[in-house]
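First listed ligand is number 1; within each ligand, the first listed atom is number 1. We count residues from 1, following the sequence as given.
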Amino acid sequence: MPSLNLNGYTDLPPGKVASIVTYLEMKERPRLRQLARPAEWRLQGLSGDLDRYRALFRRVGEPWLWFSRALMPERTLREIIGNPDVEALALVDDAQDFGLLELDFRKPDECELSFFGLVPERIGSGAGRFLMNEAIRRAFRRKISRFFVHTCSLDHPAALSFYRRSGFVPYRQAIEVADDPRLKGFLSRSAAPQVPIFLPGNRVDP
Ligand SMILES: CC(C)(COP(=O)(O)OP(=O)(O)OC[C@H]1O[C@@H](n2cnc3c(N)ncnc32)[C@H](O)[C@@H]1OP(=O)(O)O)[C@@H](O)C(=O)NCCC(=O)NCCS
């Protein structure tokens with residue numbers, strides 16, 4: 001097993017992906033950033049509809065290698081999104097689901113923004129700001145002392161600055177190394193083509 005060099009580079013074994021994770025939090029509700037938005041945007045609960053949740057999770061997360069929910073057993077996932085202390089919501093317009101928001105209040109006094117994102121074709125349209133304003137409103141509707149989130153360097157490159165503009169403050173960083181979910185069959189080989197798949201012998205999957 002290679003040990004982590006905290007003053008330079010550490011080679012990764014083939015089949016692994018690495019990222020820098022940044023944890024952020026806000027302790028009180030910030031002023032919401034203004035946005036004019038189409039009247040047809042609204043949120044719908046997903047708690048009873050696992051297939052719809054999974055389809056949206058995949059459309060939002062696959063380009064950024066989100067795999068935690070893709071590999072989770074159905075029963076576990078059903079219990080989480082059906083929990084009254086979890087709000088799993090789709091951002092919808094008249095045509096389709098195009099954003100995912102999940103708030104987790106299961107720990108007393110706190111709220112985790114556990115999943116947040118748009119389908120790729122709706123990024124940069126103002127919908128992210130709309131969804132974040134909804135997230136903040138809903139989080140602070142309950143009595144919490146902390147609203148927190150983490151994002152990693154595999155996520156959209158604008159995510160970290162978007163969170164900071166939203167009022168989240170970074171408080172911790174970590175390095176995460178995981179099996180490449182595309183090699184384990186949890187995501188398709190064509191997911192996240194911007195992140196090369198390293199095979200044994202440091203060959204790269206075409
Ligand atoms: C992170 C993410 C949600 C950010 O969303 P986004 O689409 O870039 O954000 P928006 O376009 O809504 O907002 C960005 C800014 O542009 C403005 N804007 C963009 N298009 C606009 C429009 N048509 N009308 C008005 N304002 C607009 C917004 O008001 C906002 O301004 P502000 O930040 O100064 O308040 C998005 O990149 C995403 O879904 N990424 C993939 C998943 C991901 O990485 N999630 C985060 C990790 S967990």
Side-chain angles (χ1 to χ4, degrees), residues 17-26 29-43 46 53-72 80-81 86-104 110-139 146-176 178 181-182 186-188 190-195:
V17 280
S19 68
I20 308 290
V21 183
T22 304
Y23 297 80
L24 305 102
E25 65 184 358
M26 55 173 81
R29 183 183 146 147
R31 233 163 46 99
L32 299 184
R33 296 171 77 87
Q34 292 307 308
L35 176 82
R37 53 95 179 183
E40 69 271 17
W41 289 356
R42 60 198 182 277
L43 292 169
L46 291 170
Y53 177 93
R54 274 200 196 278
L56 181 58
F57 186 89
R58 187 168 283 272
R59 284 173 59 223
V60 171
E62 204 170 62
W64 318 104
L65 287 188
W66 293 7
F67 57 88
S68 57
R69 291 287 161 87
L71 56 86
M72 187 174 271
I80 295 173
I81 66 168
V86 173
E87 293 183 26
L89 300 149
L91 175 59
V92 307
D93 60 14
D94 293 338
Q96 60 165 345
D97 295 348
F98 65 98
L100 176 67
L101 167 61
E102 193 172 317
L103 297 167
D104 186 341
E110 307 190 323
C111 177
E112 178 173 11
L113 179 57
S114 38
F115 292 99
F116 182 85
L118 306 169
V119 299
E121 59 275 21
R122 305 297 280 266
I123 291 174
S125 66
R129 181 54 60 208
F130 172 73
L131 198 58
M132 179 54 75
N133 284 349
E134 281 298 317
I136 292 170
R137 262 192 212 106
R138 284 164 186 263
R146 189 168 92 97
F147 184 30
F148 66 102
V149 66
H150 70 267
T151 178
C152 85
S153 48
L154 296 170
D155 287 329
H156 189 285
L160 182 53
S161 55
F162 178 89
Y163 284 146
R164 296 184 76 182
R165 277 202 311 286
S166 305
F168 286 100
V169 177
Y171 67 93
R172 182 181 154 209
Q173 273 193 314
I175 295 169
E176 182 181 19
R182 299 165 295 188
F186 297 124
L187 294 181
S188 92
S190 58
Q194 73 278 14
V195 183

Taking a cutoff of less than 4.0 Å between a non-hydrogen atom of the residue and any ligand atom, is Phe115 in contact with ligand 1? no
Can you tell which part of Ala127 has a heavy atom less than 4.0 Å from ligand 1: side chain, backbone, both or neither? backbone
Are any of the N or O atoms of Gly124 closer than 3.5 Å to those of ligand 1? yes
Looking at atom 4 (C) of ligand 1, would you say a protein heavy atom lies below 4.0 Å from it? yes
Taking the side chain as everything from C-beta on, heavy atoms only, tell me whether Leu113 gets closer than 4.5 Å to Tyr163. yes
Are Glu134 and Leu89 packed together at the side-chain level, in the sense that at least one heavy-atom pair is separated by less than 4.5 angstrom? no
Where is the nearest protein heavy atom to atom 2 (C) of ligand 1: which residue, which atom, and how far? Phe116 CE2, 4.6 Å
Would you say His156 and ligand 1 have an N/O pair spaced under 3.5 Å apart? yes
Give me the nearest non-hydrogen protein atom to atom 9 (O) of ligand 1 as residue plus atom name, then the distance to 0.1 Å. Phe162 CE1, 3.6 Å
Distance-only N or O hit between ligand 1 and Gln34, under 3.5 Å: no
List ligand 1 atoms under 4.0 Å from Thr151, heavy atoms only on the residue side. 47 (C)
For atom 31 (O) of ligand 1, what is the closest protein heavy atom, and at what distance to 0.1 Å? Arg129 NE, 4.3 Å
Ligand 1 contact by Trp66, heavy-atom criterion under 4.0 angstrom: yes
Does any N/O atom on Trp64 come nearer than 3.5 Å to any N/O atom on ligand 1? no
What are the two closest non-hydrogen atoms of Phe98 and Val92, and how far apart are they? CE2-C, 3.5 Å
Check whether the side chains of Arg182 and Ser190 place a donor and an acceptor atom closer than 3.5 Å, and report yes or no. no
How close does the nearest protein non-hydrogen atom get to atom 39 (O) of ligand 1, and which residue and atom is it? Leu118 N, 2.8 Å
I need the minimum non-hydrogen distance between Leu43 and Arg138, along with the two atoms involved. CD1-NE, 3.6 Å
Would Arg129 count as a cation-pi partner of Phe162, with NZ or CZ less than 6.0 Å from the six-membered ring centre and within 45° of the ring normal? yes
Less than 4.0 Å between atom 47 (C) of ligand 1 and some protein heavy atom, yes or no? yes
Please report which non-hydrogen protein atom sits nearest to atom 32 (P) of ligand 1, along with the residue it belongs to and the distance in Å to one decimal place. Arg33 NE, 3.4 Å
Any side-chain heavy atom of Asp94 within less than 4.5 Å of one from Arg42? yes
Which atom names give the shortest non-hydrogen contact between Ser166 and Ile136, and what distance separates them? O-CD1, 3.8 Å
Please confirm whether Ser125 approaches ligand 1 to less than 4.0 Å, judged on its heavy atoms. yes
Decide side chain to side chain contact (heavy atoms under 4.5 Å, CB included) for Val149 and Phe116; before the verdict, give the C-alpha distance in whole Å, the side-chain angles of both, and the deciding distance to 0.1 Å. CA-CA 9 Å; Val149 66; Phe116 182 85; 5.8 Å; no
Would you mind checking which non-hydrogen protein atom is closest to atom 15 (C) of ligand 1, with the distance to 0.1 Å? Arg165 NH2, 4.2 Å
Proximity winner for atom 11 (O) of ligand 1, if only heavy atoms of Gly117, Ser114, Gly126, Gly128 are counted: Gly126
Testing the basics here: between Asn133 and Arg33, what is the closest heavy-atom pair and its distance to 0.1 Å? ND2-O, 2.8 Å
Atoms in ligand 1 with a heavy atom of Leu35 nearer than 4.0 Å: 25 (C), 26 (N), 29 (O)
With side chains defined as the heavy atoms from C-beta onward, is the minimum distance between Ile175 and Ile20 less than 4.5 Å? yes
Value for CZ (Arg54) from CG (Leu46), rounded to nearest 0.5 Å, stands at 13.0 Å
protein heavy-atom neighbour closest to atom 36 (C) of ligand 1 works out as Ile123 CG1, 4.0 Å
